[in-house]
Number of protein chains: 2
Amino acid sequence: MALRHAVLAALLDGEYSGYQLAKAFDAGVANFWHALPQQLYAELTKLEADGLIAGRQVIQETRPNKRLFHVTEEGLAELERFAAATAKPSFIRDDLLVKVQAVDRIEAAPVIEQLAARARTAAAKAGILEQLAARLRGGRDEADFLAHGTRLGPYLTCLRGLAFERETRDWCERSAEILRARYDGGRQP
Amino acid sequence: MALRHAVLAALLDGEYSGYQLAKAFDAGVANFWHALPQQLYAELTKLEADGLIAGRQVIQETRPNKRLFHVTEEGLAELERFAAATAKPSFIRDDLLVKVQAVDRIEAAPVIEQLAARARTAAAKAGILEQLAARLRGGRDEADFLAHGTRLGPYLTCLRGLAFERETRDWCERSAEILRARYDGGRQP
DNA sequence: GCTAGCATGTAATCGGTTACATGATTTT
DNA sequence: AAAATCATGTAACCGATTACATGCTAGC
């Protein structure tokens, strides 16, 4: 069970609708997990049926009605159990890496292009995460926040995402440059 | 189709049996993809049926017989097509991050322990990848290898893996320290 | 008038994980 | 004598992706 606990963790910071959660789990701002809207709606239904979250209907005049969810005590207990169990290792699985692995046996140009594109999206995500980190710190400097701030968790996962995106950007840029120097849009000899 | 192309890319460097591939795709040394033995045996069967790889039986006296596979021209063409198609973005999905996200609402001690454990495995993987990088360079210095070496692909994915593992180690160590300073094995106030 | 955003889902499929199964040889 | 290594699979299940579906409001 995977998404389940990610949703519980996301709901710790307040009430969210499926739609709001979907936005958070989508786009680069998903620091610690990723999921599509359909998955989230399904998972919210199951979590509510299991009593781990509870929802309340919010009637809106000008917008469709929505349901806002929060974690119940049972839900918190479930998170607690999950966090105490040993985590399974995580793996890299990335199409782009497969392409780079093969790059000197196939046409290099499209791979170089994709590396450049990935570098750009990683840089953009890094920018967003920098802003998120600043917002989470809320004016304090980092040392102060780490010593006295509430909710270190989201800040730490944000730092992780930030480091990851910067790393991705740097590696993509460097790799693209190296490959350009070797193959310059052409093919392997 | 995902694993398919990872297997093709892995087979570019020579002939491998399912068993040998499984070792490469398992353990930390899977620079660019991860898969379990069962998946690999199934995928090899399909790839052979589709004519993208070909295998030859090797009869062994003291060991069970095995089949060694290599990529066919059709297989290479398929990789080519795959590499030219735009890559889908990759996402972080890590149990440990979910736990850290929730850390100040639940018992911190087990999370800190798991961060420390993850730091250790990441450090170990980094060590293995450093050795792999040195082996791929084969005595030359990096600039020389990047300019004149064959098979840049595996080296670049290795560098990526190395940077990722170091990053993971550093983040885990730092986060564990920060959390220890705050909660020191105890619970959130 | 058209596009983007709010809000929520169902159904089919695919890819990955878990569990189970076998059997010989080499190393501890 | 026990454990690890070589070598190859089958079957059931679960989680994630893709495709499809609906309908109203705000802004360009």
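Keep in mind that what you see is a predicted model, and the values were worked out from it rather than measured. So you know, we letter chains A, B, ... as the sequences are listed, proteins then strands, and number each from 1.
Set against dG16(C), dA7(C), dC6(D), the side chain of Tyr19(B) has dC6(D) as its closest nucleotide. Proximity note for Gln39(A) (side chain, C-beta onward) versus dA7(C), dT17(C), dA16(D): the nearest is dA16(D). Here dT5(D) is the nucleotide among dT5(D), dG16(C), dA26(D) with the atom lying nearest to any side-chain atom of Arg63(B). In the set dG15(C), dT25(C), dA16(D), the nucleotide with an atom closest to the side chain of Thr62(B) is dT25(C). The Leu36(A) side chain lies nearest to dT17(D) when the options are dT17(D), dC20(C), dG16(C). Listed candidates were dT8(D), dG9(C), dA26(D). Nearest to the side chain of Ser17(B) is dT8(D).
The only option from Arg160(B), Arg137(B), Arg135(B) that meets the side-chain hydrogen bond (donor to acceptor under 3.5 Å, both in side chains) definition with Tyr155(B) turns out to be Arg137(B).
Atom CD in Gln38(B) sits about 8 Å away from atom C1' in dT18(C), given to the nearest Å. Between the NE2 atom of His34(B) and the P atom of dG15(C) there is a distance of 17 Å, rounded to whole Å. Between the NZ atom of Lys66(A) and the C1' atom of dG5(C) there is a distance of 13 Å, given to the nearest Å. In this structure, Leu21(B) places its CG atom 10 Å from P of dT8(D), rounding to the nearest Å. Distance Tyr41(B) OH to dA7(D) P: 8 Å, rounded to the nearest Å. One atom, CD of Glu61(A), and another, P of dA26(D), lie 11 Å apart when rounded to the nearest Å. For Glu48(B) and dG9(D), the CD to C1' distance is 14 Å, given to the nearest whole Å. Atom pair Asn65(A):CG and dG5(C):P shows a separation of 21 Å (rounding to whole Å applied).
Taking the six-membered ring wherever Trp is involved, the centroid distance between the rings of Tyr16(A) and Phe69(A) does not fall below 6.0 Å.
If Lys46(A) and Gly18(B) are placed on DNA chain D by their nearest nucleotide, the residue sitting closer to the 5' end is Gly18(B). Heavy-atom distances to DNA chain D give each of Pro64(B) and Arg93(B) a nearest nucleotide, and the one nearer the 5′ end belongs to Pro64(B).
Other residues, nucleotides and ligands place more than 12 heavy atoms under 6.0 Å from the CD atom of Gln57(A). In the displayed structure, Gln60(B) atom CD is contacted under 6.0 Å by more than 12 heavy atoms of other residues, nucleotides or ligands.
By the 30° and 60° cut-offs, the orientation of the rings of Phe164(B) relative to Phe164(A) is perpendicular.
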